[in-house]
There are 2 protein chains.
Amino acid sequence: MKNLKKILKQYFNVAVSVDNVVFGFDADGLKVLLIFRGSEPFTGSWALPGDLISPEMDLEYSAEKILKQLTGLDQVYMEQIQTFGSVDRHPFGRVFTIAYFALIKVENYHPQAASWAKDVAWFKVTEIPKLPFDHREILEYARRLLKNRIRTQPLVFELLPKYFTLTALQFIHESILEEEFDVRNFRKKILSSGIIEETGKLQKNVTHRPAMLYRYNASKAKQLGFEGGILQ
Amino acid sequence: MKNLKKILKQYFNVAVSVDNVVFGFDADGLKVLLIFRGSEPFTGSWALPGDLISPEMDLEYSAEKILKQLTGLDQVYMEQIQTFGSVDRHPFGRVFTIAYFALIKVENYHPQAASWAKDVAWFKVTEIPKLPFDHREILEYARRLLKNRIRTQPLVFELLPKYFTLTALQFIHESILEEEFDVRNFRKKILSSGIIEETGKLQKNVTHRPAMLYRYNASKAKQLGFEGGILQ
DNA sequence: AAATATATTGTAAAAAGTACAATAATTACC
DNA sequence: GGTAATTATTGTACTTTTTACAATATATTT
């Protein structure tokens with residue numbers, strides 16, 4: 001048994017971290033949340049909000065907690081995406097990082113830097129600064145995944161406010177998929193799917209004809225077998 | 001700096017492992033490869049082929065190497081699927097495990113137990129014995145993933161021999177998707193997709209009308225934009 | 001009242017999906 | 001050599017979905 005312990009010792013000396021790719025959406029398009037690092041290594045860089053996992057905490061719980069600690073964000077939609085494990089991705093030792101993506105409604109959540117995060121800000125996905133570690137690779141992976149998922153899962157509703165216009169719904173699809181759709185065909189498809197419903201309410205404070213506001217009907221979507229998404 | 005080292009120490013005492021879900025396919029249907037453990041913990045159990053990662057090895061490389069070491073399988077199609085990190089999933093300490101799935105052509109590869117694997121065998125996915133750790137959960141996750149992927153990626157060709165009949169191609173889809181298709185419609189769809197081609201060869205040593213053999217045309221599939229799969 | 005801005009709606013043609021059963025080619029057996 | 005057994009192969013009519021395409025409606029601003 002002493003022998004076993006000695007053998008094990010060589011394996012139990014790595015660390016594991018979580019890195020979150022938090023997507024948000026506004027009139028400008030798709031955004032990613034970055035923090036300004038106030039801690040070693042890479043102090044003074046913008047980076048994905050992430051941290052080392054304490055060995056006594058479950059993985060899922062750690063992911064949520066780390067995001068909350070650095071940005072104040074709580075109870076957001078999160079999903080594990082991929083683990084990155086190059087030998088020298090971290091200067092302090094062997095650190096595997098488990099990437100998550102999170103989708104939030106920017107209207108409802110107001111990120112605030114905390115703990116060793118000195119600042120937190122939204123960046124357009126097309127205007128990301130230089131990132132430390134392999135965070136650029138992680139971010140690109142997350143973007144690809146979001147793009148693939150959006151066609152087959154109703155994820156967009158995690159990014160839109162509760163009430164939204166069909167124009168906004170179309171714009172978010174077009175932004176993420178980097179592809180344009182015909183207005184009439186898009187509306188026909190969405191409405192015939194049955195997963196969104198009219199609210200009777202109209203858009204306010206706009207300088208043109210106000211649009212009808214719709215909302216996502218999650219239970220109907222589920223009932224209709226829509227774990228699947230909208231387009232295709 | 002000494003302070004930093006002390007802080008880091010509490011994080012650098014976990015281990016990371018790889019667990020492989022190796023799928024194969026034969027006349028009986030979908031199979032999974034398990035090893036008979038000859039090493040602690042859970043000596044004497046059938047389990048997914050997996051092992052701890054040496055801290056000085058890259059993740060991808062480790063996944064391949066561990067599979068090869070335990071089963072002799074080399075150069076197989078592998079893909080990372082998910083990381084599992086419950087606090088007490090491993091009796092020897094905190095071990096995160098990174099699950100991979102692998103798809104192999106059973107005709108071409110002949111697994112052979114090696115290292116501390118005392119045996120290796122194929123099990124029908126419907127007849128899996130009790131598994132240690134959270135291997136059952138990992139296996140079910142992998143099955144769900146395979147089922148989802150098979151509709152949109154040409155993964156079946158990793159499981160079929162180089163030359164295959166349309167009947168076999170249909171059977172593998174039906175086995176994985178747990179759903180039946182109309183023979184005529186299935187053939188129409190597959191053939192019109194253009195990603196498989198006739199070989200002119202016929203099946204041999206069968207006791208009935210021999211079927212035409214087809215093969216996957218990877219370059220044409222790619223050219224046609226088929227990272228996507230066949231059905232839907 | 002006119003200009004500006006965005007919202008909303010329909011139709012015809014093409015493509016894809018679905019339901020459905022008879023005939024063909026081989027081996028095995030008598 | 002003929003018949004039975006087994007699996008392989010193929011077409012058509014109907015329905016549904018997708019696609020291409022532009023005029024009208026409703027609000028605010030000037």
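The analysis underlying the following values was restricted to heavy atoms, covering all of them including side chains, and did not include hydrogens, waters or symmetry mates. The structure presented is a predicted model; accordingly, all values stated were derived computationally and were not measured. A note on names: the letters A, B, ... follow the listed sequences, proteins ahead of strands, and every chain is numbered from 1.
- Tested against Arg187(B) for a side-chain contact (heavy atoms from CB on, under 4.5 Å), the candidates Thr167(B), Asp182(B), Leu169(B) yield a single pass: Thr167(B).
- Across the protein-nucleic acid pair, Leu169(A) atom CG and dT8(C) atom C1' stand 15 Å apart, rounded to whole Å.
- Ring centers of Tyr214(A) and Tyr163(A): at least 6.0 Å apart, outside the cut-off.
- For Tyr214(B) and dA8(D), the OH to P distance is 12 Å, given to the nearest whole Å.
- Of the listed residues (Val120(B), Val21(B), Thr71(B), Leu131(B)), just one forms a side-chain contact (heavy atoms from CB on, under 4.5 Å) with Leu34(B), and that residue is Leu131(B).
- Donor-acceptor pairing under 3.5 Å is recorded for the side chains of Asp19(A) and Thr97(A).
- As rounded to whole Å, 14 Å separates atom P of dT6(C) from atom CZ of Arg187(A).
- Lys31(B) meets the side-chain contact (heavy atoms from CB on, under 4.5 Å) test with Asp26(B), Asp28(B), Trp122(B), Lys124(B); sequence neighbours excluded.
- Between Gln203(A) atom CD and dT28(D) atom P there is a gap of 12 Å when expressed in whole angstrom units.
- Between Glu179(A) atom CD and dT18(D) atom C1' there is a gap of 14 Å when expressed in whole angstrom units.
- For an aromatic pair to be called close, the ring centres must be under 6.0 Å apart, and Phe96(A) with Phe84(A) fails this.
- Rounded to whole Å, the distance from CD on Gln170(B) to P on dT10(D) is 14 Å.
- The distance between atom CG of Leu213(B) and atom C1' of dA8(D), rounded to the nearest whole Å, is 12 Å.
- Glu140(A) has a carboxylate O that lies under 4.0 Å from a charged side-chain N of Arg136(A), or vice versa, which qualifies the two as a salt bridge.
- The residue Thr167(A) sits close only to the backbone: its heavy atoms come under 4.0 Å of sugar-phosphate atoms, none of a base.
- For Glu174(A), the CD atom is densely surrounded, since the number of other residues' heavy atoms within 6.0 Å is greater than 12.
- The distance between the ring centers of Tyr216(A) and Phe164(A) does not fall below 6.0 angstrom.
- End-to-end axis angle of the helix from dA1(C)-dT30(D) to dC30(C)-dG1(D), using five pairs per end and rounding to 10°, comes to 0°.
- Rounded to an integer number of Å, the gap from NZ of Lys189(B) to P of dA19(C) is 12 Å.
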**Message:** At under 4.0 Å between heavy atoms, how does the protein contact nucleotides 20-30 of chain C? Give one character per nucleotide, 5' to 3', with B, S or -.
**Reply:** BB--BBBSS--
